[in-house]
2 protein chains.
Amino acid sequence: MSKLESTIAAIGPLDSEAMAAARQRQERLTKPPGSLGRLEELSVLVAGITGNPSPVIKEKVVVVMASDHGVVAEAVSAYPQAVTMQMVANFLRGGAAINVLSRHVGARVVVVDIGTAGTLEPNAGLLVRKVRPGTSNLSLGPAMSLDEAQKSIEVGIEVAEAEIASGADIIATGDMGIGNTTASSAIIAAITGASPSLVTGLGTGITERQREHKIHIIERALAINTPDAEDAMDVLAKVGGLEIGGLAGVILAAAAHRRPVVIDGLISGAAALIAWGLCPSVKDYMIPSHLSVERGHRILLDWLGLRPMLDFDLRLGEGTGAALGISIIEAAVKLLNEMATLDEAGVSGAIAEVHLLDNAFRESLRQAQDKHQGVALDKS
Amino acid sequence: MSKLESTIAAIGPLDSEAMAAARQRQERLTKPPGSLGRLEELSVLVAGITGNPSPVIKEKVVVVMASDHGVVAEAVSAYPQAVTMQMVANFLRGGAAINVLSRHVGARVVVVDIGTAGTLEPNAGLLVRKVRPGTSNLSLGPAMSLDEAQKSIEVGIEVAEAEIASGADIIATGDMGIGNTTASSAIIAAITGASPSLVTGLGTGITERQREHKIHIIERALAINTPDAEDAMDVLAKVGGLEIGGLAGVILAAAAHRRPVVIDGLISGAAALIAWGLCPSVKDYMIPSHLSVERGHRILLDWLGLRPMLDFDLRLGEGTGAALGISIIEAAVKLLNEMATLDEAGVSGAIAEVHLLDNAFRESLRQAQDKHQGVALDKS
């Protein structure tokens, strides 16, 4: 069995017993049942993912996969290719948005060069796992071979497994790669069948006219490559990217090892789509962090049936939305574990019987009518 | 001048110079301009509130105002009045949701008894500033006198000023009071003119039938008391609550001292509406944290023109949504302060000239056509 096959084979269903136990505890905490809304649901989901009715989130990791894209030759981005490497250097110095947000939520940033076009100075903070120095221009032919696509996923699996072995309780996905919204939009169009014009956005900030060009490039990529919507590996190889494959691997490995994986925006979403195509049950382990400005993002979230936590008009990538998401998931889990129960706190439960309240209701109406003859009560 | 008058007199406009400087710095950070969306807007707003182009949020405080409501005699809540005091005791022991979330975001919880019906054991963590032991039944007459309403606001001002004097950089509002969704819905109906049926929700978890009764109680309160929509103090006195007045005072004091104030859900929102009624420019200092399940909440946010940060189906109160909001505002401010600029990081800016990209666009189209005669380009 390949690394990929054994990883997929290890992905099981959520632990329904742990979820039931977490749900029961939520009912006993000092609050009206359900009043913490999605925070309660998140805590129950993490219980199901981890198989622990009192899950702990302590070690937090953001994996940022960086690579380059041959399609930048088609002028699809507002930024030159060199920015991929410049931003990786910025990550390593701690000056990028993902560094600031990861520090804020107490997460470690792991930067992986899975396929940049250049060579970076050796750095303790950088994992060099280059599958190839950037993809080919996907509008002229396949972005990479099937072997390279699988290799990129397996790099992601290995990186995530090393982090999990070091104690990671939760993993967030992040990306860097000039040109990668083009590859991501092509993947979304290929898999969901949505038209490229519906899933192609302004990326780093191109004009509407440049977006039309970008749509044409994606249309051409799909026409030349004819990726098979039913074969996620084929889609990844033909119109994908190395960081997208790497993140798909991270997502699969997190699920195989029962860790929640927080999905960032469009590029991480495209990786989630690839992971789902390879193993649909991986979806249960994904927690989508935010709704991106990129117009393909809502389509892919709807396709996967995922409801994002935040709607902040983000379109940066790097894992920025996912880092904020980590903190919210951690909060949800802490509520489950740290809140007092009604018994512990000596707090009265709801006035339990509905008929009891209805008696009070009738009585109060009667009294009120007695006292205030002048005030009409419409439906008493 | 009363404490209230001098506080209102101190509320000025946002600092447009600080905002312009923050906006300029955002443009120079290592990201496409605007790509951090609402996080950028938040950082600029906090610059305007504080008058500091590099605002710092370090000391964080959640003020939880607790009080009782005579209207509970009308069976408007799923819980008995005793729960107000029981939950205050839970706050003081650190076992409530607001304690867990405040610890998570590094905020201190300040609990104020501004009008519970009973007497609590003395506790170092409890400020006893009781204006009166609960309101009167607002469905039978005014909840309190105009003097008491003003007193409740001034208690809130004093509590917030003490926290600001101790170094609070940001204040979040929280509430506890069985029956207070009834008072809040009545305030929202009175000020916005929306019908009670539109602004009355299920509170802590009553049935639809009990909600109909609650709507009637609010209709009767408005009919008996005829609060003047143009006079926020009159509305607060007739159909409000002591914790709502207290939180209105907290909001006004935060604005007067140029501190951002994070608004929780329905009850804090009703307090925001009272504060706005007393001094419309206070609105600029409010940062709404979340959209509550309570149906009156969206109406009041729309009325004030505030867009909430989170949509988590919360309906607990206590300041729980606001506590999560603090962390997001802190993240936004850290991004502004801690990210490297393009110059510092040696990162290329966008390919500046649009005509330059358009030349590349035309050239790439031409080349692509040369190479791939067989692939139609719709609009070249």
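Every value quoted in this text rests on a predicted model; they were computed, and no experiment measured them.
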Option that, when pairs with chain A are counted at under 4.5 Å, heavy atom only, ranks first among B:Thr30, B:Ile328, B:Leu29
B:Thr30

For A:Ala97, is it the side chain, the backbone, both, or neither that has a heavy atom closer than 4.5 Å to a heavy atom of chain B?
both

With B:Pro32 as reference, evaluate A:Val83, A:Leu202, A:Thr204 under the side-chain contact (heavy atoms from CB on, under 4.5 Å) test and give the passing residue.
A:Thr204

Can A:Arg103 and B:Glu338 be said to form a salt bridge (charged side-chain N to carboxylate O under 4.0 Å, His left out), step by step?
CA-CA 10 Å; A:Arg103 286 195 296 267; B:Glu338 298 178 21; 3.1 Å; yes

Heavy-atom proximity to chain B below 4.5 Å, by part of A:Leu324:
side chain

Let's test your reading of the structure: which of B:Ala331, B:Gly94, B:Gly346 forms the most heavy-atom pairs below 4.5 Å with chain A?
B:Ala331

Do you know which of B:Pro80, B:Ala82, B:Ala89, B:Ser292 has the most heavy-atom pairs with chain A at a distance under 4.5 angstrom?
B:Pro80

Take A:Glu318 and B:Lys31, measure what salt bridge (charged side-chain N to carboxylate O under 4.0 Å, His left out) needs, and give me the verdict at the end.
CA-CA 10 Å; A:Glu318 298 182 5; B:Lys31 60 176 173 53; over 6 Å; no

Treating B:His104 as the side-chain partner and A:Ala332 as the backbone partner, does any N or O pair qualify as donor plus acceptor under 3.5 Å?
no

Which portion of B:Leu314 sits near chain A, non-hydrogen atoms under 4.5 angstrom
both

Honestly, the part of B:Met309 sitting under 4.5 Å from a heavy atom of chain A is both

Please report the closest heavy-atom contact between A:Tyr79 and B:Pro33, naming both atoms and the distance.
OH-CD, 3.5 Å

Which of the residues B:Asn99, B:Thr341, B:Val105, B:Leu39 is involved in the greatest number of heavy-atom pairs with chain A at under 4.5 angstrom?
B:Leu39

When heavy-atom pairs shorter than 4.5 Å are enumerated against chain A, which of B:Asp313, B:Asn137, B:Leu42 gives the highest number?
B:Asp313

Side chain, backbone, both or neither: which part of A:Asp311 has an atom under 4.5 Å from a heavy atom of chain B?
both

Between B:Val100, B:Leu310, B:Asn90, which shows the greatest number of heavy-atom pairs under 4.5 Å with chain A?
B:Val100

